[in-house]
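Structure record follows, encoded as structure tokens.
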Amino acid sequence: MRKPFICGNWKMNTRGECGVALAKAVAAGIPAGSEVEVGVCPPACYLGGVGAAVAGSAVGLGAQNMLAEADGAFTGEINPAMLNDLGCRYVILGHSERRQFFGETNEGVSKKTDAALAAGLVPIVCVGETLEQREGNQTEAVVAEQIAGSLAGISAEQLPTVVIAYEPVWAIGTGKVASPEQAEAVHAHIRKLLSDKFGSEAAEKVRIQYGGSVKPGNAAELLGQPNIDGALVGGASLKAEDFLGIIAAA
Ligand code: PEP
């Protein structure tokens with residue numbers, strides 16, 4: 001019932017030409033009639049070029065961040081209208097690197113989620129605990145606070161458009177992947193939280209991606225879990241062959 005969604009987060013990697021080549025290779029490698037939704041999120045400065053490279057293909061374009069404001073005096077920022085103008089379908093919000101290095105809060109992510117939805121973008125809202133929090137048995141509480149705070153302003157009608165990415169911080173870029181059981185337990189917890197807040201009908205429709213060192217070799221087992229509906233992929237999305245291997249496992 002939920003269409004699997006595999007999305008590449010290129011972070012601050014690639015350059016113009018190699019990003020275009022990567023995007024084209026991904027688009028060309030998706031089998032005709034694939035039932036998997038695929039997105040790539042290049043650095044903001046390359047959204048135009050990569051967007052042109054994937055136009056008309058099965059690959060959707062996404063941004064890694066945005067500001068929740070209309071045009072104005074916000075030096076260095078980009079807004080939802082600009083992402084629409086560039087042909088974006090998705091925007092990643094509240095990635096742990098933004099929370100960690102740029103002070104993003106649940107409240108700020110909530111504003112961005114509202115603004116993304118108002119602009120017709122699909123927000124990919126990231127949550128996840130640190131190693132310290134996991135070892136302190138705080139995972140469920142941390143994720144509950146992030147979900148409640150980051151989705152504070154949305155309605156049950158809007159919820160199915162939102163994608164949640166559960167990304168344990170200790171698994172991002174570390175090669176340490178959550179076991180399928182560990183990930184599934186948190187995904188089921190997230191769906192229960194959504195069901196309690198928005199009702200089970202809306203909660204059942206939400207895609208919850210797993211993120212954290214997903215590779216072609218571990219993707220099938222993770223994606224085979226009942227509440228894991230896709231993956232947000234960092235490192236392995238930078239090689240077309242690896243990214244396509246994950247798409248094939250979905
Ligand atoms: C990410 O940053 O969203 C991510 C999941 O990275 P990686 O796949 O490299 O762990």
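Counting starts at 1 for both ligands and their atoms, following the listed order. Along the sequence shown, residues are numbered consecutively beginning with 1. Since this is a predicted model, take the numbers as computed values, not measurements.
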Atoms of ligand 1, numbered as shown, that sit under 4.0 Å from any heavy atom of [X]:
X	result
G211	5 (C)
H95	1 (C), 2 (O), 3 (O)
G212	5 (C), 10 (O)
G235	7 (P), 8 (O), 9 (O)

Would you say [X] and ligand 1 have an N/O pair spaced under 3.5 Å apart?
X	answer
L232	no
T174	no
G234	yes

Under the rule for ring pair (Phe, Tyr, Trp, His ring centres under 6.0 Å), what residues qualify as partners of H187, not counting sequence neighbours?
Y166

Is ligand 1 under 4.0 Å from a heavy atom in the side chain of N9, in the backbone, in both, or in neither?
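Just the side chain.
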
May I ask you to identify the nearest protein heavy atom to atom 3 (O) of ligand 1, giving residue, atom name and distance to one decimal place in Å?
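I find the closest protein heavy atom is E167 OE2, 2.7 Å.
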
Got the closest protein heavy atom to atom 2 (O) of ligand 1, with its distance?
K11 NZ, 2.5 Å

Does a side-chain N-to-carboxylate-O contact under 4.0 Å join E35 and K3?
no

Is any side-chain N of the basic residue among R134 and E129 closer than 4.0 Å to the acidic one's carboxylate O?
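Salt bridge present between R134 and E129.
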
Any A236 heavy atom less than 4.0 Å to ligand 1:
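The answer is no, since A236 has no heavy atom less than 4.0 Å from ligand 1.
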
Of all the heavy atoms in A171, does at least one lie under 4.0 Å from an atom in ligand 1?
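So A171 counts as touching ligand 1.
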
Among the clusters formed by ILVMFWY side chains lying less than 4.5 Å apart, do V142 and I147 turn up in the same one?
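No: no chain of side-chain contacts under 4.5 Å links V142 to I147.
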
Does atom CD (E77) have a neighbourhood of more than 12 heavy atoms from anything else shown, all under 6.0 Å?
yes

Which residues pass the side-chain hydrogen bond (donor to acceptor under 3.5 Å, both in side chains) test with N13, not counting sequence neighbours?
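Scan of N13 (side-chain hydrogen bond (donor to acceptor under 3.5 Å, both in side chains), adjacent residues dropped) gives none.
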
Distance (rounded to the nearest 0.5 Å) between T130 OG1 and E135 CD:
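Between T130 OG1 and E135 CD, I get 9.0 Å after rounding to 0.5 Å.
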
Separation between CG of L244 and OG of S237, rounded to the nearest 0.5 Å
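It is 11.0 Å, given to the nearest 0.5 Å.
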
With D229, the salt bridge (Lys or Arg N to Asp or Glu O under 4.0 Å) member among R2, K205, R207:
R2

To atom 10 (O) of ligand 1, the nearest of G173, P168, G175 on a heavy-atom basis is G173

